[in-house]
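This report refers to the structure that appears directly beneath it.
When a ligand or atom number is given, it counts from 1 through the structure's own listing order. Predicted model only: the values in this text are computed from it and were never measured.
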Amino acid sequence: MSIKRIGVITSGGDCGGLNAVIKGVARKAYDMGIESVVIPNGYAGLYNLIDMENVVLLNAERVSRIEASLAGSEAGHSRVKISKIDDPQKYERIKQGLKKFNIDGLIISGGDDTGSVVVDLSSQGIPCVHVPKTMDLDLQPYSVGGDSAINRIAVFGRDLKTTGMSHNRILIIEVFGRYVGHTAFRGGIGAEADCILIPEVPVDFDIVYEHMKTTYFARIERSDVRAGTYVIVVAEGLQNSSGEMLYDESAGVDAFGHKKLAGAGKYVRQQLEKRLKSDPDVEAFMKRTGMFVPGIYAIPEAREVTPGHLVRSGHSSAFDVNFGYKAGAAAVILLKDGKTGNTVSNVEGNKIMYMKTAEAIKRREVNIEELSLFEALGICFGRKPLQFKPEIIEENRSARSM
Ligand code: F6P
């Protein structure tokens with residue numbers, strides 16, 4: 001395919017590793033004698049390209065000013081689904097914008113909604129290749145941003161323990177994760193959380209309460225200074241035992257039409273407090289441990305903390321910088337090779353793997369078989385622990401790169 005100039009778009013929620021994607025695209029394109037430019041602010045910028053006076057050329061000097069280790073995206077973001085724009089001429093308008101700036105193809109980094117637009121644009125005859133991106137990790141291949149978010153959740157969880165221990169509080173950390181709990185799960189394990197609640201497992205709060213009571217009470221009683229905390233990491237898309245997601249109806253919907261989630265942490269706290277108040281063992285525990293103060297401390301305190309956008313801000317993990325660079329560079333090779341409507345799934349050695357974007361954006365949930373392994377290690381997932389039944393398999397393939 002004759003590609004002389006590529007437009008780079010980042011779309012959906014920002015996260016770690018995106019600047020590495022942009023640099024990977026720009027540097028590989030340069031290496032292949034292709035120019036690359038930024039189309040700013042996601043699909044909003046693509047729709048409005050025709051009205052722009054200029055686009056930023058990613059030449060060597062401009063690229064060197066982008067910090068790959070910083071999260072967020074130098075190209076900017078928006079949540080716009082092109083098919084939903086109320087303009088019958090939208091595809092023509094986009095094509096004219098691309099023509100105005102001599103852009104022959106697009107490299108678009110984003111999640112499932114962004115990917116559905118890649119499929120849409122590709123079917124409209126606009127060459128484009130997708131680089132998987134989402135901190136939620138709910139695409140079929142690995143997506144840039146996941147590792148950074150996991151590491152940040154792990155650090156927040158670990159850091160919060162100092163204040164949790166000082167006040168003997170139960171801490172509930174609510175993290176992003178709309179439909180799947182990959183980042184809550186892996187970040188929670190990284191933080192050595194006591195309990196991890198994810199959308200894939202409808203929660204039984206009596207089980208969470210009993211686990212908390214056994215673990216936290218014993219922790220404080222064992223401590224020579226009567227200190228202890230109990231950490232719960234909960235994904236925002238938590239479901240109750242009836243399988244209902246907990247929405248804050250007042251929060252409204254985002255531009256992709258998804259309900260904004262809020263309140264999982266608060267809900268968990270309320271469920272625990274209700275049980276603490278009605279449990280006859282609690283007053284004796286408070287008295288035994290010297291925590292009871294009439295009229296002030298009748299039950300242990302529980303607090304929810306919501307890091308929100310902090311889990312996808314700040315710095316990118318080294319893994320995401322690596323993946324971003326190679327996936328961005330691979331996307332240029334695929335675009336040049338005419339692989340429009342496809343997603344880079346990995347680069348291993350000299351092999352560039354790709355899959356149809358329509359397949360890549362199918363939701364991938366946490367493999368809950370693995371939870372029982374962690375249940376055997378003492379972690380609560382809000383359900384009755386299941387026995388881990390291992391299948392032991394010898395691998396024959398040669399060593400793979402990451
Ligand atoms: O991009 C995914 C995500 O981080 C979700 O985990 C979260 O629900 C959502 O974005 C938040 O979106 P926004 O930044 O638009 O509030």
Worksheet item: With only distance considered, is Thr134 within less than 3.5 Å of ligand 1 through an N or O on each side?
Response: no

Response to the item:
Of all heavy-atom pairs linking Ala29 and Ile6, the shortest is CB-CD1, 4.4 Å

Practice prompt. Go through ligand 1 atom by atom and flag the ones less than 4.0 Å from a non-hydrogen atom of Met135.
Written response: 4 (O)

Discussion item. Show me which atoms of ligand 1 lie under 4.0 Å from any heavy atom of Glu236.
Written reply: 5 (C), 6 (O), 7 (C), 8 (O)

Practice prompt. Please check if any side-chain donor atom of His77 sits under 3.5 Å from a side-chain acceptor atom of Thr10, or the reverse.
Written response: yes

Discussion item. Measuring from atom 10 (O) of ligand 1, which candidate in His77, His309, Arg79 has the nearest non-hydrogen atom?
Written reply: Arg79

Worksheet item: Is the backbone N or O of Val332 less than 3.5 Å from a side-chain atom of Lys28, with the two atoms forming a donor-acceptor pair by type?
Response: no

Worksheet item: Which pair of non-hydrogen atoms, one from Ala44 and one from Ser78, has the smallest distance, and what is that distance?
Response: N-OG, 3.4 Å

Item to complete: Taking only heavy atoms of Gly177 into account, list the atoms of ligand 1 that are under 4.0 Å away from them.
Response: 6 (O)

Worksheet item: Nearest heavy-atom pair of Ile170 and Pro300: which atoms, and what distance?
Response: CD1-CB, 4.4 Å

Discussion item. Please list, in number order, the atoms of ligand 1 under 4.0 Å from a heavy atom of Gly13.
Written reply: 1 (O)

Item to complete: Could you tell me how the ring of His309 sits relative to the ring of Phe176: parallel (under 30°), tilted (30 to 60°) or perpendicular (over 60°)?
Response: perpendicular

Worksheet, complete the sentence: Quick note on ligand 1: atoms under 4.0 Å from a heavy atom of Arg178 include exactly 8 (O)

